[in-house]
Colleague: 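Here it is: the structure, laid out below.
So you know, we letter chains A, B, ... as the sequences are listed, proteins then strands, and number each from 1.
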Amino acid sequence: MSADSAQNKVAVALLKALEIAKSNGLLNCDLPSQITLDRPKNREHGDYATSIALGLAKAANLQPRVIAEVIVKSLNENNLLTVAGISKVEIAGPGFINITLESASQGAVVSQILTEGKKYGRGKTLAGKKINLEFVSANPTGPLHLGHTRWAAVGDSLGRVLSAAGAEVSREFYINDRGNQMDLFGQSLFSASQNKEIPENGYHGEYIGDLAKQIVKENPSFSKLTGDEAMAAFRDAGYKLQLDQQRQVLDNFGTHFDTWFSERTLYENDFFTHTLAKLKSLGHVYEEEGATWLRTTDFDDDKDRVMIKSDGTFAYFASDSAYYVSKRERGFNLCIYMLGADHHGYVGRIKAIAACAGDDPNKDIEILIGQMVKIMEGGVELKLSKRAGTIITLEELVEKVGTDAARYTLIRYPTDTPMVMDVDLLKKNTNENPVYYVQYAHARICAVLRNAKELGINHGLDFYSPELLTHERERELIGLLAQYPKIVASAAELRQPHRVARYIEEVAGQYHRFYNDCRVLPLGEEKPTDLNSSRASLSLATAQVISNGLDLLGVSAPEKM
RNA sequence: GCGCCUGUAGCUCAGUCGGAUAGAGCGAAUGCCUUCUAAGCAUUAGGUCGCAGGUUCGAUUCCUGCCAGGCGCACCA
């Protein structure tokens, strides 16, 4: 956010007005360090509004309206209005102060956008944060389903948003490549390759048969193997193929990971031993009934967790612990886990791992829970069962609606809300999808600007005269564009990329309204004016903001549609 | 039983660090292209913000209790 934005100037002026009033003995209370300005819903309430007078009423022991009057008087008498580019100040209702900006002051943000280009909206609120962002982390035993897809879209977008806020982000995919599930996977493949029945609790999807065929084709010698040897051979070959497939699907989806972290590696080079020793030295490990436990109840977990089972094998929780320690020892000062709702029971124990490792579970680690995605088709819910094989995969979804629509639809809802995707609706008619509304606005602007160029109408930084943009639609649009940096910052702070999507939908709508009421290019024989140039420049800035916003979602900004 | 999430327009959902008349899209009705992309815009209809208390100048937003729905509560991974 630019420090000298119009909004900031207003906030500074208000604070100054308060300080002067206080030093003159008109107010007898502590002042806030910052003034918060709202964008009023009702345009008649100006460009910005503050309820500061209501907030101070009690402490100052004065009527809110009296305080508001004191502030306004102070603004007037100390020449603060001009400095802050304010054209009008009004007191309304119980004591709101409504502020209207000079067009020139308000319109300055367009110049800022045109100057900063792709960088407009980027900030430093998360500077210095080294974030490990873990998401998707599917088992390499099958295709990615819709739950994974939600995270693939949201996680990737969150990564972009966090980076835009100045954080250093590393995306990580944790591969669960150890344990019973992997063995079952190998067993299922082996059985399928011999046309034998797949074990009851094995994997039954259609892909298993295909995968088995492919493995046999690539490794003819495998058909001679038996027992555990065969299981392991099929397991590892299938693992490699599935992982490659997942990687490729995610790649096509525009989601890229910096690190693919194999669970197996946690047991190489004595890393788990090291983890255990560390936790032990901090006093949270004990043995009971032949098993090794981590006393997570020291930190609010429901029950203690087994790391090494009484038969000497490692429980999954052993990996969880070592994995967390690994993240921290690789230098990340914030670990974000994105988990499905069916894993929300893990929150307590994972946070407890952090606490047991001597970290602050409220600061060094965050766990985001994504609620379920339901799919409806033909009015019936499709059940998601990976093992049964009746699943909608990421690939299938993309085939049906395309990457842009799939990503956009998944990102525009907050993740703590269960989501219903109507396949019929998404298949049926794409223009019912908000992504097209936004993309259309961008394409429309590009068309206008192409025409402007043809007509020889200059636009851009040097041809922009903010004081000419006084139309209500123009002011609304400019005011909205000025909000973008705050939107990005809050999306990052709250880990909610959907805010960016909702915001650019608003920008698109505002542009469409502006377009309808304010002619950008000259009509017929009219001679081009500075107003045409300024409106074209405003259009250019709008396209920039939409494009920047779509980029944070990983969705394309087409120039033509 | 315990824990997490959710309950806002006919449908799918935003919004809320407590603020002035609760929003969008779809669906319904009616207008707007002899000139920038009508994949758009405007107007109308549609709401006890799950229910009941509490805190407050002010609650859809915060607190408590209910009701309803979803998801979890392994020496499985």
Colleague: Would A/H512 and A/Y440 count as a close aromatic pair, with their ring centres under 6.0 Å?
Modeller: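 Between A/H512 and A/Y440, the centre distance is under 6.0 Å.
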Colleague: Atom pairs under 3.5 Å, N or O on each side, protein against nucleotides 57-62 of chain B: can you list them with distances?
Modeller:
from: B/rC57; atom 1: OP1; to: A/K58; atom 2: NZ; distance (Å): 3.3

Colleague: Mind checking the P distance from B/rA14 to B/rU30? Whole angstroms is fine.
Modeller: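 B/rA14 and B/rU30 have their P atoms separated by 32 Å.
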Colleague: Which nucleotide sits closest to the side chain of A/A291: B/rU37, B/rU35, B/rC75?
Modeller: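 Of B/rU37, B/rU35, B/rC75, B/rC75 is nearest to the side chain of A/A291.
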Colleague: Are A/R412 and A/E505 close enough for a salt bridge, meaning some N to O gap below 4.0 Å?
Modeller: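 A/E505 and A/R412: salt-bridged.
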Colleague: Work out how far the C1' atom of B/rU61 is from that of B/rC17, and round it to whole angstrom.
Modeller: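 Roughly 10 Å separates the two C1' atoms.
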Colleague: Counting side-chain heavy atoms from CB outward, which of B/rC71, B/rA20, B/rC41 is closest to A/Y437?
Modeller: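 Of B/rC71, B/rA20, B/rC41, B/rC41 is nearest to the side chain of A/Y437.
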Colleague: Could you check whether any side-chain N or O of A/N98 sits under 3.5 Å from a backbone N or O of A/E90, counting only pairs where one atom can act as donor and the other as acceptor?
Modeller: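 Such a contact is absent between A/N98 side chain and A/E90 backbone.
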Colleague: Please state how far atom CG in A/L521 lies from atom C1' in B/rU37, giving the value in whole angstrom units.
Modeller: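 The distance from CG of A/L521 to C1' of B/rU37 comes to 12 Å, rounded to the nearest Å.
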Colleague: Of the nucleotides B/rA77, B/rU37, B/rG70, which has the atom closest to the A/Q371 side chain?
Modeller: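 Of B/rA77, B/rU37, B/rG70, B/rG70 is nearest to the side chain of A/Q371.
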Colleague: Reading RNA chain B from 5' onward, which residue's closest nucleotide shows up sooner: A/A92 or A/I308?
Modeller: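 Counting from the 5' end, the first nearest nucleotide belongs to A/A92.
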Colleague: Going by a 90° cut-off around 0, is B/rC33 syn or anti?
Modeller: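 Syn, since the glycosidic angle lies within 90° of 0.
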Colleague: Rounding to the closest angstrom, what is the interatomic distance between B/rC13 and B/rU6 at atom P?
Modeller: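 Approximately 13 Å lies between the P atom of B/rC13 and that of B/rU6.
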Colleague: If you check every side-chain atom of A/H512, which of B/rC41, B/rC36, B/rC75 has the closest atom?
Modeller: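 Among the listed nucleotides, the one closest to the side chain of A/H512 is B/rC41.
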Colleague: Taking the C1' atom of each, how far is B/rU16 from B/rU34, in whole Å?
Modeller: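 Comparing C1' positions in B/rU16 and B/rU34 gives a spacing of 49 Å.
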Colleague: Using the C1' atom as the point on both nucleotides, what is the distance between B/rA68 and B/rG19, in whole Å?
Modeller: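 These two C1' atoms come out 31 Å apart once rounded.
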Colleague: Please pick, from B/rU21, B/rC41, B/rA20, the nucleotide with the shortest atom-to-atom distance to any side-chain atom of A/F96.
Modeller: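 So the nucleotide nearest the side chain must be B/rA20.
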Colleague: Does A/R475 pair with A/E472 as a salt bridge, N-O distance under 4.0 Å?
Modeller: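 No salt bridge links A/R475 with A/E472.
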Colleague: Would you kindly give the CE-to-P distance between A/M419 and B/rG7, to the nearest whole Å?
Modeller: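 Whole-Å distance recorded here is 15 Å.
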Colleague: Does A/A341 reach a base, just sugar-phosphate, or nothing at all? Heavy atoms under 4.0 Å.
Modeller: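 Since only primed, P, OP1 and OP2 atoms lie under 4.0 Å of A/A341, the category is sugar-phosphate.
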Colleague: From the list B/rU37, B/rG19, B/rG3, which nucleotide is the closest neighbour of the side chain of A/S51?
Modeller: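 Selected nucleotide (nearest to the side chain): B/rG19.
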Colleague: Which atoms form the tightest heavy-atom contact between A/V438 and A/A508, and what is the distance?
Modeller: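 A/V438 and A/A508 have their closest heavy atoms at CA-CB, 3.9 Å.
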Colleague: With the criterion being N/O to N/O and under 3.5 Å, what pairs connect the protein with nucleotides 14-18 of chain B, and how long is each?
Modeller:
from: B/rA14; atom 1: OP1; to: A/T417; atom 2: OG1; distance (Å): 3.0
from: B/rG15; atom 1: OP1; to: A/H498; atom 2: NE2; distance (Å): 2.7
from: B/rU16; atom 1: OP1; to: A/R499; atom 2: NH1; distance (Å): 3.2
from: B/rU16; atom 1: OP1; to: A/R499; atom 2: NH2; distance (Å): 3.4

Colleague: Looking for any heavy atom pair under 4.0 Å, which part of the strands does A/Y515 touch: base, sugar-phosphate only, or nothing?
Modeller: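 Base, at least one base atom sits under 4.0 Å.
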Colleague: Determine the interplanar angle of the A/F190 and A/F234 rings, folded into 0 to 90°, and report it as parallel if under 30°, tilted if 30 to 60°, perpendicular if over 60°.
Modeller: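 The arrangement is tilted - the two ring planes meet at 30° to 60°.
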Colleague: Closer than 3.5 angstrom, by distance alone: can the side chain of A/T100 be matched with the main-chain N or O of A/G46 as a donor-acceptor pair?
Modeller: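 Not confirmed, A/T100 side chain does not pair with A/G46 backbone.
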Colleague: Tell me what A/G524 touches on the nucleic acid: a base, only sugar-phosphate, or nothing, going by heavy atoms under 4.0 Å.
Modeller: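 Base contact - A/G524 has a heavy atom under 4.0 Å of at least one base atom.
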Colleague: Can you check the A/Y323 OH to B/rA77 C1' distance for me, whole Å?
Modeller: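 Between C1' of B/rA77 and OH of A/Y323: 16 Å.
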Colleague: Just by distance, do the side chain of A/W293 and the backbone of A/E288 share a donor-acceptor pair under 3.5 Å?
Modeller: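 The answer is yes, because a donor-acceptor pair under 3.5 Å joins these two groups.
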Colleague: Without decimals, in angstroms, what is the distance between A/E289 CD and B/rA74 P?
Modeller: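 Interatomic distance, CD of A/E289 to P of B/rA74: 16 Å.
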Colleague: Any stems for RNA chain B, made of 3 or more Watson-Crick or G-U pairs in a row, each with both distances under 3.5 Å?
Modeller: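 Only these stems qualify: B:1-7 with B:67-73, B:10-13 with B:23-26, B:28-32 with B:40-44, B:50-54 with B:62-66.
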Colleague: NA contact type, A/R178, heavy-atom cut-off 4.0 Å: base, sugar-phosphate, or nothing?
Modeller: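 A/R178: backbone/sugar contact only, no base atoms under 4.0 Å.
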Colleague: Taking the same atom, P, in B/rC26 and in B/rA39, what whole-Å distance lies between them?
Modeller: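 About 13 Å, rounded to a whole number of Å.
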Colleague: Are there over 12 heavy-atom neighbours, none belonging to A/D228, within less than 6.0 Å of that residue's CG?
Modeller: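 Not buried by this count: 12 neighbours or fewer within 6.0 Å.
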Colleague: Here's a test of your reading of the structure: between A/D342 and A/R513, which maps to the more 5' nucleotide of RNA chain B?
Modeller: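 The 5'-side residue here is A/R513.
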Colleague: Of the listed nucleotides (B/rC36, B/rU21, B/rU37), which one gets closest to any side-chain atom of A/K560?
Modeller: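 That would be B/rU37.
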Colleague: Could you tell me how far apart A/D301 (CG) and B/rC4 (P) are, to the nearest whole angstrom?
Modeller: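 Taking CG of A/D301 and P of B/rC4, I get 13 Å after rounding.
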Colleague: Suppose you measure atom P in B/rC5 against the same atom in B/rC63; what distance do you get, rounded to whole Å?
Modeller: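 11 Å, rounded to whole Å.
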Colleague: Within this structure, what is the CH2-to-P distance between A/W293 and B/rA74, rounded to whole angstrom?
Modeller: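 To the nearest whole Å, that distance equals 11 Å.
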Colleague: Please report, rounded to the nearest Å, how far the C1' atom of B/rC5 is from the NE2 atom of A/H344.
Modeller: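 That distance rounds to 8 Å.
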Colleague: Output the rounded distance in Å from OH (A/Y346) to C1' (B/rC71).
Modeller: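 Distance check: A/Y346 OH to B/rC71 C1' gives 13 Å.
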Colleague: Where the side chain of A/N98 is concerned, which of B/rA39, B/rU35, B/rA20 is the nearest nucleotide?
Modeller: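 Of B/rA39, B/rU35, B/rA20, B/rA20 is nearest to the side chain of A/N98.
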Colleague: Any base atoms under 4.0 Å from A/N42, or only sugar-phosphate, or nothing? Heavy atoms, all strands.
Modeller: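 Base, at least one base atom sits under 4.0 Å.
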Colleague: Scan side-chain atoms only and decide if A/N458 and A/S533 contain a donor-acceptor pair under the 3.5 Å cut-off.
Modeller: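 Note: A/N458 and A/S533 side chains miss the donor-acceptor criterion.
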Colleague: Okay, side chain of A/T275, backbone of A/F271: is any donor-acceptor separation there less than 3.5 Å?
Modeller: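 Checking the backbone N and O of A/F271 against the side chain of A/T275, a donor-acceptor pair under 3.5 Å is found.
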Colleague: Mind checking the C1' distance from B/rC11 to B/rG65? Whole angstroms is fine.
Modeller: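 Those two atoms are separated by 32 Å.
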